[in-house]
Amino acid sequence: MKILQNLEDYWMRVHELAKTLPPVVYITSVEVPQYPHHRAGVVVEHVPFYAAQDILDGTHRLSTEEEVAQYKAGMEAARERAKQQVIDAKGIHIHNVVAGSDLKVEAKKGK
């Protein structure tokens with residue numbers, strides 16, 4: 001019954017920690033010697049329940065404000081690159097608009 005009690009304690013701690021976290025939690029992976037393929041320093045966005053599990057398991061910690069800012073900037077840059085790839089793939093050309101004129105959007109089939 002010791003294992004069952006330990007599991008109950010673990011899940012109780014997960015739920016207690018999750019209650020104290022914001023709706024969106026940024027956590028950063030830490031070095032874990034027993035998991036050689038686990039990469040430290042990776043920021044992830046989680047819901048409180050899963051963030052609490054990772055924190056209690058010792059594989060992650062709460063991210064710093066600087067880490068969160070870098071993560072968000074990286075995600076925005078990735079979104080912009082993906083958006084540009086779609087535009088390029090569809091052959092869409094957007095021209096600058098001069099005040100008072102109509103927006104011109106041309107769609108040309110590429111290659």
**Fill in**
Between A40 and E31, the two heavy atoms sitting closest are CB-N, 3.5 Å
**Prompt:** Are Y26 and H46 near enough that their ring centres are under 6.0 Å apart?
**Reply:** no
**Message:** In this structure, would I55 and V44 fall into the same cluster of hydrophobic residues linked by side-chain contacts under 4.5 Å?
**Reply:** yes
**Non-hydrogen atoms of P23 and P48 that approach each other most closely** = O-CD, 3.3 Å
**Request:** Looking only at non-hydrogen atoms, find the nearest pair between V32 and T59 and report the distance.
**Result:** CG2-CA, 3.9 Å
**Item:** In one Ile/Leu/Val/Met/Phe/Trp/Tyr side-chain cluster, 4.5 Å: W11, V47
**Value:** yes
**Message:** Could you report the tightest heavy-atom contact between G58 and V30, atom names first, then the distance?
**Reply:** O-CG2, 3.3 Å
**Asked** Which distance, rounded to the nearest 0.5 Å, do you find between the CD1 of I27 and the CD of E45?
**Response** 10.5 Å
**Message:** Can you tell me if E66 has over 12 outside heavy atoms packed within less than 6.0 Å of its CD?
**Reply:** no
**Prompt:** Looking at residues at least two apart in the chain, or sitting in another chain, which of them share a salt bridge (Lys or Arg N to Asp or Glu O under 4.0 Å) with K83?
**Reply:** E80
**Message:** Let me check something: do F49 and L17 share a hydrophobic cluster, defined by ILVMFWY side-chain heavy atoms less than 4.5 Å apart, either directly or through other members?
**Reply:** yes
**Item:** Exceeds 12 heavy-atom contacts within 6.0 angstrom, atom CZ of R39
**Value:** no
**Message:** According to a hydrophobic-cluster definition based on side-chain heavy atoms being under 4.5 Å apart (Ile, Leu, Val, Met, Phe, Trp, Tyr only), do L56 and L62 belong together?
**Reply:** yes
**Message:** Using a 6.0 Å cut-off, check whether atom OH of Y71 has over 12 heavy atoms from anything other than its own residue.
**Reply:** yes
**Item:** Hphob cluster co-occupancy, L21 + V43, side-chain heavy atoms under 4.5 angstrom
**Value:** no
**Message:** Using only atom types and a distance under 3.5 Å, with no angle test, would you say the side chain of S29 pairs donor to acceptor with the backbone of G41?
**Reply:** yes
**Complete:** T64 meets the side chain to side chain donor-acceptor pair (under 3.5 Å) criterion, sequence neighbours left out, with E67
**Item:** For E65, all residues meeting salt bridge (Lys or Arg N to Asp or Glu O under 4.0 Å), sequence neighbours excluded
**Value:** none
**Request:** Give a yes or no on whether a salt bridge exists between R13 and E16, defined as a side-chain N under 4.0 angstrom from a carboxylate O.
**Result:** no
**Prompt:** Does H60 use its side chain to pair, donor to acceptor, with the backbone of A52 at less than 3.5 Å?
**Reply:** no
